[in-house]
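Just so we're on the same page: letters track the sequence lines, and every chain starts at 1.
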Protein chains: 2
Amino acid sequence: MKLSKKSDYALRAMIYLSANYQKGAVQIKEISAKEKIPQKFLENILLTLRKVGILNSKMGLRGGYELARSPDLITLGQVIRALDGAIAPVDCVSQMSYKPCSEEVTCVIRGVMMEIRNAIADVLDKMTFADMCKRVVDSLEKSEREALTYTI
Amino acid sequence: MKLSKKSDYALRAMIYLSANYQKGAVQIKEISAKEKIPQKFLENILLTLRKVGILNSKMGLRGGYELARSPDLITLGQVIRALDGAIAPVDCVSQMSYKPCSEEVTCVIRGVMMEIRNAIADVLDKMTFADMCKRVVDSLEKSEREALTYTI
DNA sequence: TTAAAAGTCTATCAAGATGATAGAATTTGT
DNA sequence: ACAAATTCTATCATCTTGATAGACTTTTAA
């Protein structure tokens with residue numbers, strides 16, 4: 001039930017790229033520095049996201065990565081699945097890497113795991129990076145308001 | 001986001017023990033055979049569950065394991081936490097192994113992970129082994145009814 | 001045209017988690 | 001005393017994870 005470092009980094013990089021969506025290609029070095037992610041590791045991550053069509057890249061001087069489509073069309077679920085694979089706690093309830101278990105029909109553990117899978121998917125597949133950006137803004141505004149309160 | 005083999009085995013063993021709650025101590029060998037779990041592996045699992053007070057054991061001849069309390073007082077969450085540790089996808093939203101992350105106040109990933117943690121906990125901490133036993137019975141009845149339908 | 005800057009690709013590595021096994025020690029009922 | 005059972009500790013192979021290295025390719029500004 002663990003989010004891998006890889007996915008964690010990926011989400012941060014994606015939020016960064018979403019916030020810079022209109023500004024064209026962003027360089028790995030910049031993301032790596034701002035989000036404190038090991039550069040070489042980030043390379044692998046962004047490469048994976050490009051291969052599944054979430055990112056576009058431009059090679060060469062002034063190259064870099066950018067979202068392949070608008071942030072409100074990319075969900076956290078898409079990114080996490082690209083890096084960590086299936087979201088489901090067991091394969092017999094997974095959409096993306098389904099494998100039948102022997103006693104599927106009467107297995108009651110399967111039932112519970114299906115509930116959990118659906119609960120997780122419900123959050124991850126509805127949340128877009130546009131939502132995430134909005135949350136960042138809200139959260140910043142809130143902490144500024146609070147800072148102000150203390151100042152007065 | 002994976003349920004370990006350990007927890008999977010543990011859940012099956014616990015369902016077995018719950019179904020045999022009134023019958024006194026059940027031997028590892030029996031559970032191992034009926035649920036097809038490597039016996040030595042199962043030993044470790046049941047030992048862990050005993051140490052956290054979910055099971056009682058009786059040593060020696062006619063010894064074995066039994067639930068330390070009624071099946072409706074033991075939840076799946078308790079068992080999974082004993083074996084796999086925290087349910088939360090990241091430590092900064094975990095009840096049982098909470099560790100602050102650096103930018104906690106404004107971290108938006110944290111917010112989403114908290115939603116997921118709560119969704120998972122909501123299923124696992126409400127579901128008891130009494131519920132699981134009931135589901136087994138329901139599922140068996142259902143498949144019998146269906147078998148009957150075909151016979152007619 | 002060419003050199004620098006950028007992504008691409010493949011390989012490798014250390015550390016930790018996972019799934020499993022072995023065997024000696026201890027306890028208990030008869 | 002003995003047999004049957006749990007207890008405890010150690011070990012092991014394999015896989016996954018997080019990370020790094022380096023050679024290669026593409027682009028473009030000067």
[X] has an atom [atom1]; how far is it from atom [atom2] of [N], in whole Å?
X	N	atom1	atom2	value
Lys5(A)	dA19(D)	NZ	P	7 Å
Lys36(A)	dA19(D)	NZ	P	15 Å
Leu3(A)	dT17(D)	CG	C1'	13 Å
Leu47(B)	dA10(D)	CG	C1'	14 Å
Ile45(B)	dT18(C)	CD1	P	12 Å
Lys6(A)	dA19(D)	NZ	P	11 Å
Met1(B)	dT17(D)	CE	C1'	15 Å

For this session: Look at the side-chain heavy atoms of Ile, Leu, Val, Met, Phe, Trp and Tyr, link any pair under 4.5 Å apart, and say whether Leu61(B) and Leu46(B) land in one connected group.
Result: no

Problem set entry | same_hphob_cluster(Val108(B), Leu140(A)) at 4.5 Å side-chain heavy-atom cutoff |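 The answer is yes; both residues are in one hydrophobic cluster.
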
Under a 4.5 Å cut-off applied to non-hydrogen side-chain atoms, are [X] and [Y] in contact?
X	Y	value
Met127(A)	Thr75(A)	no
Arg117(B)	Pro89(B)	yes
Val26(A)	Glu66(A)	no

For this session: Give me the residues of residues 54-61 of chain A where at least one heavy atom lies under 4.0 Å from an atom of DNA chain C, by number, or none.
Result: Ser57(A), Lys58(A), Met59(A), Gly60(A), Leu61(A)

Problem set entry | Within residues 76-85 of chain A, residues whose heavy atoms come under 4.0 Å of DNA chain C |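 Those residues whose heavy atoms fall under 4.0 Å from DNA chain C, taken from residues 76-85 of chain A, amount to none.
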
For this session: Report, as yes or no, whether the 6.0 Å neighbourhood of atom NZ on Lys5(B) holds more than 12 heavy atoms from other residues, nucleotides or ligands.
Result: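 No, the 6.0 Å shell around NZ holds no more than 12 heavy atoms from other groups.
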
Problem set entry | Within 6.0 angstrom of Arg62(A) CZ, more than 12 heavy atoms from elsewhere |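 Not more than 12 within 6.0 Å, no.
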
For this session: Examine dT6(D): is either OP1 or OP2 under 4.0 Å from a nitrogen or oxygen in the side chain of Arg62(B)? Give yes or no.
Result: no

Exercise. With respect to the phosphate group of dA19(D), does any side-chain polar atom (N or O) of Tyr9(A) fall under 4.0 Å of OP1 or OP2?
Worked result: yes

Seminar exercise, completed: Residue pairs passing the salt bridge (Lys or Arg N to Asp or Glu O under 4.0 Å) test with at least one member in residues 121-137 of chain A, sequence neighbours excluded, are Arg81(A)-Asp125(A), Asp122(A)-Lys126(A), Lys134(A)-Asp138(A), Arg135(A)-Glu115(B)

Quick one: [atom1] on [X] to [atom2] on [Y], what's the gap to the nearest 0.5 Å?
X	Y	atom1	atom2	answer
Met132(A)	Leu11(A)	CE	CG	6.5 Å
Arg110(A)	Met113(A)	CZ	CE	12.0 Å
Leu124(A)	Ile116(B)	CG	CD1	3.5 Å
Lys2(A)	Ile87(B)	NZ	CD1	12.5 Å
Leu49(A)	Ile45(A)	CG	CD1	8.0 Å

Problem set entry | Helix axis bend for the helix from dT1(C)-dA30(D) to dT30(C)-dA1(D) - C1'-based end axes, five pairs, 10° rounding | 10°

Problem set entry | Proximity to DNA chain D (any heavy atom under 4.0 Å), residues of residues 11-21 of chain B only |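 Within this stretch, nothing sits under 4.0 Å of the strand.
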
Exercise. Of the residues in residues 25-35 of chain A, which ones touch DNA chain D at a heavy-atom distance under 4.0 Å?
Worked result: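 Nucleic-acid contacts, sorted: none.
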
Seminar exercise, completed: In short, ring pair (Phe, Tyr, Trp, His ring centres under 6.0 Å) pairs touching residues 45-90 of chain A with sequence neighbours left out are none

For this session: Could you note down all residue pairs passing ring pair (Phe, Tyr, Trp, His ring centres under 6.0 Å) where residues 111-145 of chain A supplies at least one of them, sequence neighbours left out?
Result: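 Those involving residues 111-145 of chain A do not exist here.
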
Tell me the side-chain hydrogen bond (donor to acceptor under 3.5 Å, both in side chains) pairs involving [range], sequence neighbours left out?
range	answer
residues 48-59 of chain B	none
residues 35-46 of chain A	none
residues 7-24 of chain A	Ser7(A)-Asp84(A), Asp8(A)-Arg12(A), Tyr16(A)-Glu30(A), Tyr16(A)-Lys34(A), Asn20(A)-Lys23(A)

Problem set entry | Nearest-nucleotide 5' precedence on DNA chain D, Lys51(B) against Gly63(B) |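 Looking at the nearest nucleotide for each, Gly63(B) comes out on the 5' side.
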
Could you write out each protein N or O paired with an N or O of nucleotides 21-24 of chain C at a distance under 3.5 Å?
residue	atom	partner	partner atom	Å
dT21(C)	O4	Asn44(B)	ND2	3.2
dG23(C)	N7	Lys40(B)	NZ	3.2
dG23(C)	O6	Lys40(B)	NZ	2.4

Exercise. Quick one: does Ser32(A)'s side chain have a donor or acceptor within less than 3.5 Å of a partner on Ile37(A)'s backbone?
Worked result: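 Yes, Ser32(A) side chain to Ile37(A) backbone: donor-acceptor pair under 3.5 Å.
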
